[in-house]
Amino acid sequence: MSTAGLPFTVLAMCSLSCWYRALAAETTSIGKAVNVKWSSINGKTIIEWEPKPTNYTYTVEVAGEGANWKRKCIHITATECDVTDLLENVKDKYTARIISDVQDAEDFTEEFPYTDSPPFVPYEQTIIGKPVIDSYNFSKDDTKLTVIIKDPFTPYRFSNGSFKSIREIFNNDLKYTVFYRRASSTGKKQETSSSNEIVINVDQGESYCFYVQATIPSRSQNRDSQVSDEKCTTSNKNAASAVFSTSEFIFLCSWMLLYWLL
């Protein structure tokens, strides 16, 4: 090799090295999660974020206050992760960390970028889903109507494997309100109770329509649940414990009117 050609060879090698490093840096350039938010209904909790990754993946970590980070959804290309099973202590304050990473990290020498979520307390922030009206029954003198409400279930389990309802999570902090009206009227009344059985005063011989809403009074936000489907009774005189939806009730009345006209 001549001394005259040495500088050119060194320059070429240097250029090749710089080009390779630039290519590697471009290949391993990774974005950072944004718009990180919690989505939780009846305790089932998903952490969501943006954007969709291109040449990298995401790994999610979750920690309660003063606790170690626990990993979930490792090296995923999705932009959501179900972290319900990491939130067993529903009154703890949790943070989720969305780490942008690559599985083959040889060309990435820096710490992986990450974004932390806002804090989340399941007991205070999970949305209470729609309660279900299980059944109803009239008193013997047809002046009281007892509405029986079925608690929504959560993903949390007892030691025997059965699922806990929201009643087992919130206990007496859970209230139910029945909003009711005569079927022939739009004026509503309401009755609230800590029990799943709510007794309301009714007029003999009248049909009633009603729906239910759950409330957690101790909360400052997300206090009220979605409302249940509205149900309507037949006349409470000698009524059976059947429950009709509003549409079914209207159909039945229309059919009876048509029958009477014919």
Side-chain angles (χ1 to χ4, degrees), residues 38-46 84 90 121-139 142-158 162-237 239-255:
W38 299 89
S39 176
S40 182
I41 299 179
N42 292 336
K44 182 175 176 61
T45 305
I46 295 172
T84 304
V90 296
V121 180
Y123 192 91
E124 297 176 359
Q125 293 172 259
T126 191
I127 293 172
I128 305 302
K130 182 187 296 186
V132 175
I133 297 172
D134 193 31
S135 61
Y136 76 86
N137 58 77
F138 287 103
S139 61
D142 293 333
T143 61
K144 296 184 184 299
L145 174 65
T146 301
V147 178
I148 301 172
I149 304 157
K150 185 177 181 180
D151 294 318
F153 282 102
T154 74
Y156 302 114
R157 295 177 183 264
F158 290 105
S162 61
F163 289 103
K164 296 179 180 180
S165 71
I166 61 170
R167 173 65 69 189
E168 274 94 30
I169 299 296
F170 294 100
N171 299 305
N172 289 334
D173 203 12
L174 172 65
K175 313 290 184 186
Y176 282 115
T177 299
V178 174
F179 298 87
Y180 63 100
R181 61 180 174 85
R182 289 183 182 179
S184 58
S185 172
T186 57
K188 288 187 299 185
K189 296 182 179 181
Q190 65 187 70
E191 188 73 33
T192 300
S193 174
S194 297
S195 169
N196 288 56
E197 297 186 9
I198 301 181
V199 179
I200 56 179
N201 296 319
V202 294
D203 296 327
Q204 290 180 333
E206 290 287 342
S207 298
Y208 283 83
C209 294
F210 49 89
Y211 61 88
V212 178
Q213 186 174 46
T215 302
I216 310 296
S218 64
R219 290 181 169 183
S220 58
Q221 297 179 334
N222 297 324
R223 298 176 75 250
D224 299 323
S225 74
Q226 303 167 353
V227 298
S228 72
D229 296 331
E230 186 178 62
K231 303 292 182 179
C232 293
T233 73
T234 58
S235 170
N236 64 341
K237 187 174 180 59
S241 293
V243 178
F244 296 92
S245 67
T246 303
S247 58
E248 291 170 335
F249 182 75
I250 293 173
F251 174 80
L252 181 61
C253 290
S254 300
W255 183 86

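At least one donor-acceptor pair under 3.5 Å links the side chain of N42 to the backbone N or O of G129. Between the side chain of S193 and the backbone N or O of I198 there is no donor-acceptor pair closer than 3.5 Å.
Residues satisfying the side-chain hydrogen bond (donor to acceptor under 3.5 Å, both in side chains) test with T146, not counting sequence neighbours, are none. Not a single side-chain hydrogen bond (donor to acceptor under 3.5 Å, both in side chains) links T154 to another residue, sequence neighbours left out. For D151, the side-chain contact (heavy atoms from CB on, under 4.5 Å) partners are S165, I166, R167, L174, Y176, N196, not counting sequence neighbours. When the side-chain contact (heavy atoms from CB on, under 4.5 Å) test is applied to K189, the partners found at least two apart in sequence or on another chain are Y180. The side-chain contact (heavy atoms from CB on, under 4.5 Å) search around T186 returns none, not counting sequence neighbours. Remark: F153 engages no residue in a ring pair (Phe, Tyr, Trp, His ring centres under 6.0 Å) (not counting sequence neighbours). For S194, the side-chain hydrogen bond (donor to acceptor under 3.5 Å, both in side chains) criterion is met by K175, not counting sequence neighbours. Here K130 pairs with D229 under the salt bridge (Lys or Arg N to Asp or Glu O under 4.0 Å) rule; sequence neighbours left out. Here K44 pairs with D82 under the salt bridge (Lys or Arg N to Asp or Glu O under 4.0 Å) rule; sequence neighbours left out. Partners of S225 according to the side-chain hydrogen bond (donor to acceptor under 3.5 Å, both in side chains) rule, which considers only residues two or more places apart in sequence or in another chain, do not exist here. Evaluation of the side-chain contact (heavy atoms from CB on, under 4.5 Å) rule for S220 yields no partner, not counting sequence neighbours. The ring pair (Phe, Tyr, Trp, His ring centres under 6.0 Å) search around Y123 returns F170, not counting sequence neighbours.
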side-chain contact (heavy atoms from CB on, under 4.5 Å) between K144 and F138: does it pass, once the steps are laid out? CA-CA 6 Å; K144 296 184 184 299; F138 287 103; over 6 Å; no
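The CZ atom of R223 sits 6.5 Å away from the OG1 atom of T215 when rounded to the nearest 0.5 Å. With rounding to the nearest 0.5 angstrom, the CD atom of E206 is 12.0 Å from the CG atom of D142. With rounding to the nearest 0.5 angstrom, the CD atom of E124 is 12.5 Å from the OG atom of S40. To the nearest 0.5 Å, the span separating CD1 on I200 from CZ on F210 amounts to 6.5 Å. Residue W38 holds its CH2 atom at 11.0 Å from OG1 of T126, rounded to the nearest 0.5 Å. Separation of atoms NZ (K188) and CZ (R181) is listed at 9.0 Å; rounding is to 0.5 Å.
Residues R219 and Q125 come closest through the heavy atom pair NH2-N, 3.8 Å. P152 approaches P131 most closely through the heavy-atom pair CG-CA, 4.2 Å. Taking every heavy atom of both residues into account, T84 and G43 meet most closely at CG2-O, 3.5 Å.
Heavy-atom contacts from other residues, nucleotides or ligands closer than 6.0 Å to CG of N172 number 12 or fewer.
For the pair K164 and F158, the cation-pi criterion (under 6.0 Å, within 45° of the ring axis) is fulfilled.
P217 places a side-chain heavy atom less than 4.5 Å from the side chain of D173. Side-chain contact between V227 and F179 is absent, with no heavy-atom pair separated by less than 4.5 Å.
I216 pairs with exactly one of I128, N222, D224 by the side chain to side chain contact (heavy atoms under 4.5 Å, CB included) rule, that one being I128.
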